[in-house]
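Input: a single structure, listed below in structure tokens.
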2 protein chains.
Amino acid sequence: MKNTRIPDETIRRLPLYLRGLQFFADQELTNVSSEKLADFLHISAALIRKDFCYFGDFGTRGVGYDVQTLVKQIREILKLSTPRKAILVGAGNLGRALLAYPGFAAYGFEIVAAYDSDPEKIGTKINQTLILDIKTLSKLKRDGIGLAIIAVPAEVAQSVADLIIKSGIRGILNFAPTYLSVPKRVKVISIDIAIELGRLPYYLESE
Amino acid sequence: MKNTRIPDETIRRLPLYLRGLQFFADQELTNVSSEKLADFLHISAALIRKDFCYFGDFGTRGVGYDVQTLVKQIREILKLSTPRKAILVGAGNLGRALLAYPGFAAYGFEIVAAYDSDPEKIGTKINQTLILDIKTLSKLKRDGIGLAIIAVPAEVAQSVADLIIKSGIRGILNFAPTYLSVPKRVKVISIDIAIELGRLPYYLESE
DNA sequence: CCTTAGCTGTGCAAAATATCACAAGTATTT
DNA sequence: AAATACTTGTGATATTTTGCACAGCTAAGG
């Protein structure tokens with residue numbers, strides 16, 4: 001199985017598995033079956049097993065998976081084992097909320113700087129992070145910073161992306177509601193709140 | 001084509017199409033082809049046409065689609081035409097950012113109240129919205145409120161969901177990183193920042 | 001040691017989704 | 001009015017993703 005192409009959907013689920021495993025680890029359980037994990041996450045056990053089996057034999061037949069070992073292996077696959085420095089661009093409402101978001105640390109992300117273009121904001125501190133002038137952004141790679149979170153208005157998102165890519169950013173988590181055109185070596189993952197919101201009413205039963 | 005099952009993926013793209021059409025409307029364009037829209041959104045033109053064709057004949061062969069008409073029809077499909085009242089539960093960092101988020105209004109959502117359990121926050125105002133005690137949450141349906149945005153910690157998300165569903169909520173936009181168990185008549189759409197974040201490093205080229 | 005119960009790994013089938021390719025209709029030009 | 005250039009709508013095909021079912025390994029109990 002090891003030489004098959006790994007579906008994107010599988011990669012998407014790996015962080016979900018980490019969360020599920022954390023739940024079992026918190027309960028002092030050392031072993032978990034695909035079925036238990038499936039019940040907790042509300043996906044099928046076969047899918048979980050298939051996902052794991054793309055990467056090798058993680059479990060023991062008749063027994064299940066060792067929680068800690070599995071966590072380690074998934075983190076390895078996702079390349080979460082090495083800590084990564086990130087910057088935040090855009091210190092608006094969403095940006096400020098993200099600065100306080102505890103989830104980053106869980107994956108070894110450290111937000112080392114925040115940037116904005118508003119003179120009112122520049123120089124102020126949010127959650128111990130100083131807001132810097134976006135014009136001073138350059139040569140991030142020199143400081144070992146490879147990731148960026150974009151939380152700016154859609155109109156300026158592309159120019160921000162261009163700028164930070166030039167400075168060495170290779171991974172972007174984009175909250176701006178727009179497509180970002182980037183070189184192949186750069187990966188963009190977009191979270192679009194409006195898109196999710198816009199399809200909610202469709203599913204409402206019209207009483 | 002009208003009697004085929006409509007793929008979820010199609011529904012997911014409809015709000016995206018609205019965004020694209022807005023772009024062309026802003027340029028005073030009255031007509032747009034599937035190809036133009038496809039170029040802007042970076043998806044295939046055939047896919048766009050197929051998506052539309054599930055709902056009927058929206059375009060004119062040799063011509064394209066009338067921007068305004070198409071907007072109206074998509075909004076109709078997504079049930080965005082009728083304004084909807086929503087509440088926000090959880091006035092933490094993310095909750096407060098969401099209160100200021102302009103995207104809700106664009107889809108006819110009006111956040112009429114915010115709830116929290118923290119005595120420090122209750123009674124204060126954020127963006128003209130008063131924070132109310134979550135204990136006072138009841139009988140929302142009576143006031144015509146059908147949607148809720150959950151932005152509370154994962155540990156309490158399920159109990160919040162249970163509570164608001166009892167009060168009449170039928171649609172939930174969930175930001176808590178957990179599965180919500182709800183009756184069939186209730187629709188949950190989850191946005192999970194950590195999950196998206198966790199898979200970003202996987203795609204980084206290891207130099 | 002044998003039997004039974006449990007669980008993984010995975011080939012194969014099924015379902016869901018996306019792409020292709022072109023007939024059919026529209027506008028424009030000559 | 002005929003030829004040309006566009007563009008949609010959609011059946012057919014390809015690809016991607018998920019589910020099924022069971023062989024094969026493990027552990028425990030008698």
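Because the structure is predicted, anything quoted here is derived from the model rather than measured. Each chain gets a letter, A, B and so on, in the order its sequence line appears, and its residues count up from 1. Quick note: numbers below take in every heavy atom, side chains included, and nothing from hydrogens, waters or symmetry partners.
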Next on the checklist: Between dG9(D) and R61(B), counting only base atoms on the nucleotide and side-chain atoms on the residue, is there a donor-acceptor pair under 3.5 Å?
Outcome noted: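 No pair found.
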Item to check | Under 3.5 Å donor-acceptor pair, K50(B) side-chain atoms to dT19(C) base atoms | outcome: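 Pair found.
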Next on the checklist: Could you go through K79(B) and E76(B), starting from their C-alpha distance and side-chain angles, then the distance that decides it, and tell me whether this counts as salt bridge (charged side-chain N to carboxylate O under 4.0 Å, His left out)?
Outcome noted: CA-CA 5 Å; K79(B) 302 188 194 169; E76(B) 204 65 47; over 6 Å; no
Which heavy atom of [X] sits nearest to which heavy atom of [Y], and what is that distance?
{"X": "I6(B)", "Y": "F55(B)", "result": "CD1-CE2, 3.4 Å"}
{"X": "R13(A)", "Y": "I43(A)", "result": "CD-CD1, 4.0 Å"}
{"X": "N174(A)", "Y": "V188(A)", "result": "CB-CG1, 4.0 Å"}

Could you tell me how far apart [X] ([atom1]) and [N] ([atom2]) are, to the nearest whole angstrom?
{"X": "R49(A)", "N": "dG11(C)", "atom1": "CZ", "atom2": "P", "result": "14 Å"}
{"X": "E9(B)", "N": "dT17(D)", "atom1": "CD", "atom2": "P", "result": "10 Å"}
{"X": "L47(B)", "N": "dA16(C)", "atom1": "CG", "atom2": "C1'", "result": "13 Å"}
{"X": "F58(B)", "N": "dT8(D)", "atom1": "CZ", "atom2": "P", "result": "14 Å"}
{"X": "N31(B)", "N": "dT7(D)", "atom1": "CG", "atom2": "C1'", "result": "10 Å"}
{"X": "Y65(A)", "N": "dG6(C)", "atom1": "OH", "atom2": "C1'", "result": "13 Å"}
{"X": "F55(B)", "N": "dG9(D)", "atom1": "CZ", "atom2": "P", "result": "13 Å"}
{"X": "I6(B)", "N": "dA18(C)", "atom1": "CD1", "atom2": "P", "result": "14 Å"}

Regarding [X], tell me which of base, sugar-phosphate or nothing describes its non-hydrogen contacts under 4.0 Å with the strands shown.
{"X": "R13(B)", "answer": "sugar-phosphate"}
{"X": "T10(B)", "answer": "nothing"}
{"X": "F52(A)", "answer": "nothing"}

Checklist entry - Of all the nucleotides listed (dT10(D), dT17(C), dT17(D)), which has the minimum atom distance to the side chain of D57(B)? => result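 Of the candidates, dT10(D) comes closest.
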Next on the checklist: Of the options dA27(D), dG19(D), dT8(C), whose atoms approach the side-chain atoms of V63(A) most closely?
Outcome noted: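 Comparing dA27(D), dG19(D), dT8(C) against the side chain of V63(A), the answer is dA27(D).
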Hey, is the side chain of [X] poking within less than 4.0 Å of OP1 or OP2 on [N], counting only N and O atoms?
{"X": "Y54(A)", "N": "dT17(D)", "value": "no"}
{"X": "T60(A)", "N": "dT8(C)", "value": "no"}
{"X": "R5(A)", "N": "dT17(D)", "value": "yes"}
{"X": "S34(A)", "N": "dT8(C)", "value": "yes"}

Checklist entry - Between G62(A) and D8(B), who's closer to the 5' end of DNA chain C by nearest nucleotide? => result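 Nearest-nucleotide comparison on DNA chain C picks G62(A).
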Item to check | Check: T60(A) side chain, V63(A) main-chain N or O, donor-acceptor pair, under 3.5 Å | outcome: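 No: the side chain of T60(A) does not pair with the backbone of V63(A).
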Checklist entry - Angle class for the Y65(B)/F52(B) ring planes (parallel below 30°, perpendicular above 60°, tilted otherwise)? => result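 Taking F52(B) first and then Y65(B), their aromatic rings stand perpendicular (interplane angle over 60°).
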Next on the checklist: Reading DNA chain D from 5' onward, which residue's closest nucleotide shows up sooner: G59(B) or D51(A)?
Outcome noted: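 Nearer the 5' end of the strand: G59(B).
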